[in-house]
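Report on the following structure.
We use all heavy atoms of the structure for the numbers below, so side chains are in, but hydrogens, waters and symmetry mates are not. A note on names: the letters A, B, ... follow the listed sequences, proteins ahead of strands, and every chain is numbered from 1.
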Number of protein chains: 2
Amino acid sequence: MVKIHDVAKLAGVSVATVSRVVNNNERVAENTRVKVEWAIRELNYAPSVLGRNLRTSKSNLLLVLLPSISNPFYTEIINGIEDTAIARGYNILLCETDSNPKREAIYFNLLRNRLAEGIISMDPSVNKNKLNELSESYPIVQCSEYDTESPIPYVTIDSEQAAYDAVTHLIESGHQKIALINSDERFLYARQRRNGYEKAMEAHGLPIKGEWIYHAEQLDFKLGQNAIRKLLQLDDQPTAVFAVSDVYAIGALKEIHRHGKKVPEDIAIIGFDKIIFSDMAFPTLSTIAQPMYEMGCISAEMIMDKINGIAVKSRVLDHQLICRDST
Amino acid sequence: MVKIHDVAKLAGVSVATVSRVVNNNERVAENTRVKVEWAIRELNYAPSVLGRNLRTSKSNLLLVLLPSISNPFYTEIINGIEDTAIARGYNILLCETDSNPKREAIYFNLLRNRLAEGIISMDPSVNKNKLNELSESYPIVQCSEYDTESPIPYVTIDSEQAAYDAVTHLIESGHQKIALINSDERFLYARQRRNGYEKAMEAHGLPIKGEWIYHAEQLDFKLGQNAIRKLLQLDDQPTAVFAVSDVYAIGALKEIHRHGKKVPEDIAIIGFDKIIFSDMAFPTLSTIAQPMYEMGCISAEMIMDKINGIAVKSRVLDHQLICRDST
DNA sequence: ACGCTAAGTGAAAACGTTTTCAGATGGTGG
DNA sequence: CCACCATCTGAAAACGTTTTCACTTAGCGT
C-alpha cells in the first residue's frame, strides 16, 4: 500500500509538503505542488483515513439510531441526513436497534470508542437515561421523537396540533364517532397524538369512548388490521378512524375491505406520516405530512454544529394536512 | 479522554498488559487481570478504535452500496447483512448512490482510503468497469444484481427461472394475453426476467406482442400506473400482467382500479420481490419471493470471508412462487 | 553590505493502540 | 546449588497521518 512517505520520496519533498498538498490548505509553491500532484497520480496514492483519524482525533462518522429500517417513515429522513452529511464530509452509520437494548449498547459504545463523533437518535424506544448520561459527554440530537425533560436538542413537529388537525378534519367531514389507533403510550408522540385527538373531540363537544381507542404495541400492518377487527365488533361502532401512523391506517384500510365495507362511505380513515405507500393504497390515504427530508437535513446540521462546538436550538417544524380519498 | 496509558498507571502495570486484558486473548495472571479490570471500571475507560484501527490496519467497516434506501426490497437484505456483520464485530456503512456517479465515486474512495474493508454492491446501475477494476485490489461481492463476465462473486436467485414460473402460473390460470412490465434492460435482472417471460410464453405456444411489453426507466409506482394506462389503450388488451417488481405491480393494481376494472377477474397481476406492502395491497399481490434476509446474511459472510483471505463461491438461492388474491 | 520580512520547506513529535521480543521471576528436577 | 523451563510482564517499535516549530532562501529597503 503506497503511503505518504512514498509520494514524498518520489516528488523529492518531505511528507509535510505532501500532506499540505493533499489538504490543499497551506501555501506551497506552485511548482512543488505540481511535482507532488504528479507523484500522487503516478503512484495512485490515496491517503489513509486511519492515520488521519488518529492524528486528528476525528472520524467524520455520524451514528443514526433508528428502531427499524423497514419503516418507510424513516427513509426520507435518512435521505436528508445523508445528503447533508456528505456535503460536509461526513458519513453515516445507520444503526437499527430493533428496540433491542443489547444492540443499542453496541452502538452507544461506538461513540465512546471514538468511532462516531455524534448521534442522531430517531428511536422512540431508546433508553432515555443512558442517552441523557451520554449527552453530557458526547454530541447527541434527537429527531422526531424527543424527551421533554432532557436538554438534548431535537427537531420535530407539533404532534398534538397535527393530531388535533387530523381529527378536526374528520369532524368537519361530518363524523362524530371517531376511533383512535394509537401506538404504545410509552412514546411521547403517542401521548401527544392522543392528547390532540381528545382535545379535538372535546372542543367539538363529542364524547370519547374508551373502547374506541386501540393501542398497538409495535409498528406493524397487522396491528392496524387487529384494531379494525376489534372496532367492528363493538355495538356502537365508530364511523371514522384516526391512525397515528400510515402503517396502521393501511392495515386498517385492508381489513375494512375484508369486511365488505367501503372507505370513506362506511368508515373514513386518516393516517399520519405520508409514507410513500399512502398514495398507493386503495383508496388513497388522507394523512398528515411531516417535512421528513427537511427534518433529516436539520438534524444533520444540528449534530455537526454541535460537534464543532456551535450551540444549537431545538426546532419544531410545520406539518400539513393531506386530504385524499379515504376521508 | 482517558487512554490506555492512564489505566496502566492506575493499575500499576504496563500498557501492554492493559491491552492484553482488553483483548482478553493472552494469558495474564489472574490477580493482575482483576487489578486492570478494576482500573478500567474506575476510569470508565473505553479503548479508542482510532488508535486500534491504525495499528491493526483494520476498520471493521463494510460498505453497502444500494441505489436507494426507499425501495423496500433492500430493507430485508440489509437486516441480514447487519445482523451477520455485527455478530462478527463489523459495522456497515449504508451508501445510497441514487444512481449518481459522483456519489459512487465518494463511496469507492472510502475503500481506497481504508475506511472500509470491503463492499457489498446491490446497485444495478453501478459502474461495472470501475467495480471490476477495484475488485482486483479490494474485497467486493455483489448481491442480487451481478455481472456475468466479471470474476466478482455474487449471491442471487435465478431470475429467469423465477420469471418463467410467474408467467407459467398466469398461463395455468387460463391467461393467454400476458403483458410484461419490465425495468430498464441495462440491468441484468431485467434482461433475465424478460427471457423467462418469453420462454414461458413460447413454451406454451403463446404469441408475444411488442406492445405488451412496457419498459420503466426507474423504480417508481407511477411507472406501474403509466404502464397500465398504456396497456388499456390497446385494441388487443392483455388479461394478465407480470411486473418485474412489486413496486410496479402495486402501482398497476391501483391504476386498474381507477379504470373501474377488477383484479383478478378483469386483469390478473403478479409481482416480484414480496415486499412488505405486497400483502397490504388490495387485493393481496401474488408475487415471487426472494430469500432476502438470507441473501443479506450470505453476502455479509462472503465479504468477510473474502476480507480474511478465504476463497468464496457465488451462490444462487431458491425463489418461491407466492399465490395470493391478485391471480 | 546589512538586517529584516515573507514565503516555502523539512525534521520530528504526536495521536492511541497492538505486538514483538527479551527480561524477570519462581518453581522444579537433577 | 545449579540449570532449566514455564509463565508472566514491560520497553519500545510500529501503524500513517498532521502540525508545530525552526530553518533556509530570496527579495527588499536602508
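In this structure, a donor-acceptor pair under 3.5 Å is absent between the side chains of B/Ser59 and B/Asn53. Judged purely by distance below 3.5 Å, without hydrogens or angles, the side chains of A/Ser70 and A/Ser68 pair a donor atom with an acceptor atom. There is a side-chain donor-acceptor pair under 3.5 Å between B/Tyr189 and B/Ser183. Side chain to side chain, B/Asn127 and B/Glu104 fail the donor-acceptor criterion of an N or O pair below 3.5 Å.
At least one donor-acceptor pair under 3.5 Å links the side chain of A/Asn71 to the backbone N or O of A/Phe73. Here the side chain of B/Asn113 pairs no donor or acceptor atom with the backbone of B/Leu115 at under 3.5 angstrom.
Annotation: proximity of residues 28-36 of chain B to DNA chain D (heavy atom, distance under 4.0 Å) is found for B/Val28, B/Ala29, B/Thr32, numbered in ascending order. Using a 4.0 Å cut-off on heavy atoms, the residues of residues 9-20 of chain B that approach DNA chain D are B/Gly12, B/Val13, B/Ser14, B/Ala16, B/Thr17, B/Arg20, listed by number.
Residue pairs meeting the salt bridge (Lys or Arg N to Asp or Glu O under 4.0 Å) criterion with at least one member in residues 33-50 of chain A, sequence neighbours excluded, are A/Arg33-A/Glu37.
The outermost nucleotides of DNA chain C lying under 4.0 Å from heavy atoms of chain A, listed 5' to 3', are C/dA7 to C/dG16.
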Donor-acceptor pairs under 3.5 angstrom involving side-chain atoms of residues 82-92 of chain A: please list them, not counting sequence neighbours.
residue : atom : partner  : partner atom : Å
A/Glu82 : OE2  : B/Tyr107 : OH           : 2.7
A/Asp83 : OD1  : B/Arg103 : NH2          : 2.2
A/Asp83 : OD2  : A/Tyr293 : OH           : 2.6
A/Thr84 : OG1  : A/Gly80  : O            : 2.7
A/Arg88 : NH1  : A/Glu301 : OE1          : 2.5
A/Tyr90 : OH   : A/Lys58  : NZ           : 2.9
A/Tyr90 : OH   : A/Glu117 : OE1          : 3.0

Got a list of side-chain donor-acceptor pairs under 3.5 Å for residues 133-143 of chain B, not counting sequence neighbours?
residue  : atom : partner  : partner atom : Å
B/Ser135 : OG   : B/Asn132 : O            : 2.8
B/Gln142 : OE1  : B/Asp147 : N            : 3.3

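Heavy atoms of B/Leu54 sit under 4.0 angstrom from at least one base atom. A/Asn53 comes within 4.0 angstrom of nothing in the nucleic acid, heavy atoms only.
Mapping B/Arg55 and B/Arg27 onto DNA chain D via the closest heavy atom, the residue that lands nearer the 5' end is B/Arg27.
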Practice task
Please assess B/Ser125 against B/Asp123 for the test side chain to side chain donor-acceptor pair (under 3.5 Å), listing each intermediate value before the final yes or no.
Solution key: CA-CA 5 Å; B/Ser125 61; B/Asp123 189 354; 2.8 Å; yes
